[in-house]
Amino acid sequence: MKPTFISEIAHHLDKRTIVRGWVYNKRFSGKIGFLQIRDGTGFIQGVVVQKDIPEAMWELANKITLESSAIIEGTVTKHPRNDVYELQVSNIKLVQMAEEYPIGKKEHGPDFLLDNRHLWLRSSKQWAIQRIRNTIINATYEHLNSTGFIKIDSPILTPAACEGTTTLFELEYFDLGKAYLSQSGQLYIEAAIMSHGRVFDFGPVFRAEKSKTRRHLTEFWMMDAEAAFVEHDENLKIQENLVSFIVESVLKKNQAELKILERDIKPLEKIKAPFYRMTHAEAVAKLHKLGSDIKEDDDLGGDDETLIMQDLDKPLFVEKYPAKVKAFYMKRDPANPELALCADLLAPEGFGEIIGGSQREDDYNVLLNRIKEHNLPVKAFDWYLDLRKYGSVPHSGFGYGLERLTGWICGTPHIRETIPFPRLINRLYP
RNA sequence: UCCGACAUAGCUCAGUGGUAGAGCAGCCGGCUGUUAACCGGCUGGUCGCAGGUUCGAGUCCUGCUGUCGGAGCCA
């Protein structure tokens with residue numbers, strides 16, 4: 001008999017089949033027992049009745065420990081009351097009897113759970129989050145590929161800071177001195193668009209900042225997209241179409257996971273392009289009305305991001321920040337050179353910034369001066385400046401943080417739960 | 001780096017200067033439809049570490065360590 005995945009169990013109604021997985025819970029009531037089984041594709045309840053199976057099998061069902069692995073044979077039936085399938089167990093083949101499982105059925109603290117992250121990943125909510133993360137990744141590839149972007153991998157070991165702002169992880173690189181772990185692939189994919197037109201990268205990036213908030217990791221996955229001949233307004237359209245497609249994909253493919261997460265899907269159903277737009281100056285004015293003490297030239301703080309979204313049901317682009325608080329490579333607004341042609345995309349429901357993007361400076365001399373103004377080593381940026389010497393074109397791009405996007409869509413307040421093995425300022429294990 | 005909170009059983013927590021507690025997990029028993037099942041019993045403690053106040057400290061004070069939350073920075 002061929003084994004069946006639990007996700008396919010409906011096709012086997014009233015037939016005998018085999019499920020291979022783990023016992024994540026069990027309940028016994030005298031001469032009848034219930035084994036909760038998961039196999040990675042889903043969950044099903046196995047019903048064990050003493051009088052219907054050999055005594056040794058009944059003993060095994062009683063003795064089996066939580067998280068033991070087993071191959072279980074039975075007949076697929078419908079639950080007498082609920083609208084779910086069950087397995088009337090006829091045979092249990094133990095694969096391995098698990099030792100006492102550290103993660104109990106009651107609540108645990110975050111430190112304990114993170115120490116046991118390798119086991120915590122099996123819990124239903126953690127399972128659901130990773131399934132949704134997978135959908136987000138695939139939806140990103142699918143949508144970008146179908147709109148003319150190809151994936152280009154950017155390097156992880158880099159010779160200098162990409163933006164010159166954040167703290168980088170440093171390491172010795174043979175006889176060439178210091179190397180750094182990439183904090184963004186953006187500058188490299190700017191080179192690649194001059195070959196391919198539209199490209200994106202997707203990989204881990206590293207920030208050595210000592211951030212201690214629910215929105216920060218020292219290692220996280222970023223998707224950067226870059227497109228030639230795309231200016232500021234079109235850049236925003238690409239972003240809102242991508243985010244809409246991702247949310248639509250999750251709603252289509254992950255209803256069971258969203259239910260496990262107890263995620264209210266009504267706010268997600270409203271996520272359809274176009275999103276809201278507001279200049280930084282308008283955002284500051286609105287925040288002042290709402291009681292924030294934000295200054296004219298300030299970036300939005302975490303509280304401001306939540307405050308400004310409180311009456312909005314779709315993401316908001318906050319565009320045209322004061323150039324002096326933004327990165328050197330951003331192009332200035334021709335209508336007001338004090339402003340950058342950039343935008344941050346804020347998610348609703350208090351989940352904050354999920355995308356940062358901008359039109360890039362494409363003039364050689366202007367860019368050279370910006371690098372000098374920011375006290376960055378010009379030599380390290382020779383190659384980047386070259387792109388403005390040989391067929392420079394207007395171009396724009398943006399980057400999303402996969403964990404922040406996943407956190408918003410899953411309704412998970414702390415992004416440490418959205419990456420399989422989080423790397424935090426004080427956590428490198430497991 | 002700064003601000004705030006917390007640290008008691010394997011886990012989650014209560015304990016308000018006077019004998020160390022509960023739920024879960026584990027072990028034993030009961031229960032034929034359980035849903036974090038339930039019911040009865042048993043086992044389980046260097047109260048983070050170091051010092052101090054007191055007749056007496058899990059409880060009050062000081063320092064240290066660790067954790068959590070937040071700020072800054074950003075995805």
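In what follows, every chain begins at residue 1, and chains take the letters A, B, ... in the order their sequences are listed.
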So which protein nitrogen or oxygen atoms get under 3.5 Å of nucleotides 23-29 of chain B's nitrogens or oxygens?
| residue | atom | partner | partner atom | Å |
| --- | --- | --- | --- | --- |
| B:G23 | O2' | A:Lys106 | NZ | 2.5 |
| B:A25 | O2' | A:Glu100 | OE2 | 3.4 |

Please tell me whether [X] and [Y] have a donor and an acceptor in their side chains that are separated by less than 3.5 angstrom.
{"X": "A:His232", "Y": "A:Glu319", "value": "yes"}
{"X": "A:Glu67", "Y": "A:Tyr24", "value": "no"}
{"X": "A:Glu417", "Y": "A:Gln126", "value": "yes"}
{"X": "A:His216", "Y": "A:Thr213", "value": "yes"}

Integer angstrom distance from the [atom1] of [N] to that of [M]:
{"N": "B:C31", "M": "B:C68", "atom1": "C1'", "answer": "42 Å"}
{"N": "B:A5", "M": "B:U43", "atom1": "C1'", "answer": "34 Å"}
{"N": "B:C3", "M": "B:G45", "atom1": "P", "answer": "39 Å"}
{"N": "B:A57", "M": "B:C38", "atom1": "P", "answer": "40 Å"}
{"N": "B:U12", "M": "B:C28", "atom1": "P", "answer": "26 Å"}
{"N": "B:C61", "M": "B:U53", "atom1": "P", "answer": "15 Å"}
{"N": "B:C60", "M": "B:G56", "atom1": "C1'", "answer": "13 Å"}
{"N": "B:A9", "M": "B:G51", "atom1": "C1'", "answer": "27 Å"}

Ring centroid separation for [X] and [Y], is it under 6.0 angstrom?
{"X": "A:Tyr101", "Y": "A:Trp22", "answer": "no"}
{"X": "A:Phe381", "Y": "A:Phe328", "answer": "yes"}
{"X": "A:Phe200", "Y": "A:Tyr141", "answer": "yes"}

Check whether the side chain of [X] and the base of [N] form a donor-acceptor pair under 3.5 Å.
{"X": "A:Gln45", "N": "B:U34", "result": "yes"}
{"X": "A:His216", "N": "B:C74", "result": "yes"}
{"X": "A:Arg404", "N": "B:C74", "result": "yes"}

Interatomic distance, [X] [atom1] vs [N] [atom2] [rounded to whole Å]:
{"X": "A:Arg133", "N": "B:A75", "atom1": "CZ", "atom2": "P", "answer": "17 Å"}
{"X": "A:Ile260", "N": "B:A36", "atom1": "CD1", "atom2": "P", "answer": "13 Å"}
{"X": "A:Arg27", "N": "B:U34", "atom1": "CZ", "atom2": "P", "answer": "10 Å"}
{"X": "A:Gln186", "N": "B:C74", "atom1": "CD", "atom2": "P", "answer": "14 Å"}
{"X": "A:Glu86", "N": "B:U32", "atom1": "CD", "atom2": "C1'", "answer": "13 Å"}
{"X": "A:Glu305", "N": "B:G72", "atom1": "CD", "atom2": "P", "answer": "9 Å"}
{"X": "A:Leu119", "N": "B:G10", "atom1": "CG", "atom2": "C1'", "answer": "14 Å"}
{"X": "A:Asp303", "N": "B:G69", "atom1": "CG", "atom2": "P", "answer": "16 Å"}

Any residue meeting salt bridge (charged side-chain N to carboxylate O under 4.0 Å, His left out) with [X], in chain and number order, not counting sequence neighbours:
{"X": "A:Glu403", "value": "A:Arg133"}
{"X": "A:Glu296", "value": "none"}
{"X": "A:Arg20", "value": "none"}
{"X": "A:Lys314", "value": "none"}

For nucleotides 20-22 of chain B, list the nitrogen or oxygen atoms of the protein found under 3.5 Å from its nitrogen or oxygen atoms, one pair per line.
none

Return no unless some side-chain N or O of [X] is found under 4.0 Å from OP1 or OP2 of [N].
{"X": "A:Arg81", "N": "B:U34", "answer": "yes"}
{"X": "A:Asn116", "N": "B:C11", "answer": "no"}
{"X": "A:Asn426", "N": "B:G66", "answer": "no"}
{"X": "A:Arg215", "N": "B:A75", "answer": "no"}
{"X": "A:Arg416", "N": "B:G69", "answer": "yes"}

Hey, can you pull the residues of residues 276-299 of chain A with a non-hydrogen atom under 4.0 angstrom from RNA chain B? A:Asp299
Residue whose nearest RNA chain B nucleotide is more 5′ - A:Gly301 or A:Asn82: A:Asn82
Got a second to check how far A:Arg117's CZ is from A:Arg122's CZ, nearest 0.5 Å?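 Output value for this atom pair is 13.0 Å.
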First locate atom NE2 of A:His143, then atom CG of A:Asn241, and finally report the distance between them rounded to the nearest 0.5 Å. 5.0 Å
Under 4.5 Å between any side-chain heavy atoms of A:Leu87 and A:Val76, yes or no?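 Of all side-chain heavy-atom pairs linking A:Val76 with A:Leu87, at least one is under 4.5 Å.
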Secondary structure of RNA chain B in dot-bracket form (Watson-Crick or G-U wobble, distances below 3.5 Å, | marking inter-strand pairs): (((((((..((((....[..)))).(((((.......))))).....(((((..]....))))))))))))....
Is [X] touching bases, backbone alone, or none of the nucleic acid, heavy atoms closer than 4.0 Å?
{"X": "A:Leu217", "value": "base"}
{"X": "A:Phe34", "value": "base"}
{"X": "A:Gly109", "value": "sugar-phosphate"}

Can any side-chain N or O of A:Asn116 pair as donor or acceptor with the backbone N or O of A:Phe112 at less than 3.5 Å?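 It does hold such a pair.
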Side-chain donor/acceptor of A:Ser123 to backbone N/O of A:Lys125, under 3.5 Å: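 No, because the side chain of A:Ser123 does not come within donor-acceptor range (under 3.5 Å) of the backbone of A:Lys125.
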Between the protein and nucleotides 40-48 of chain B, which nitrogen or oxygen pairs are less than 3.5 angstrom apart?
none

Return the polar atom pairs (N/O with N/O) between nucleotides 1-5 of chain B and the protein under 3.5 Å, or none.
| residue | atom | partner | partner atom | Å |
| --- | --- | --- | --- | --- |
| B:U1 | O4 | A:Lys210 | O | 3.3 |

Which residues satisfy the side-chain hydrogen bond (donor to acceptor under 3.5 Å, both in side chains) test with A:Gln255, sequence neighbours excluded?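 None.
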For A:Glu305, what residues pass the side-chain hydrogen bond (donor to acceptor under 3.5 Å, both in side chains) criterion, not counting sequence neighbours?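 For A:Glu305, no residue satisfies side-chain hydrogen bond (donor to acceptor under 3.5 Å, both in side chains) once neighbours in sequence are set aside.
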Have a look at A:Gln88 and tell me which of A:Asp52, A:Thr75, A:Thr77 forms a side chain to side chain donor-acceptor pair (under 3.5 Å) with it. A:Thr77
For the side chain to side chain contact (heavy atoms under 4.5 Å, CB included) test, which of A:Thr418, A:Ile415, A:Leu346, A:Ile271 pairs with A:Trp408?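 Going through the options one by one, the only one that passes is A:Ile271.
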More than 12 non-hydrogen atoms from neighbouring residues, nucleotides or ligands closer than 6.0 Å to CD on A:Glu269, yes or no?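 Counting neighbours around CD of A:Glu269, more than 12 heavy atoms of other residues, nucleotides or ligands fall under 6.0 Å, so yes.
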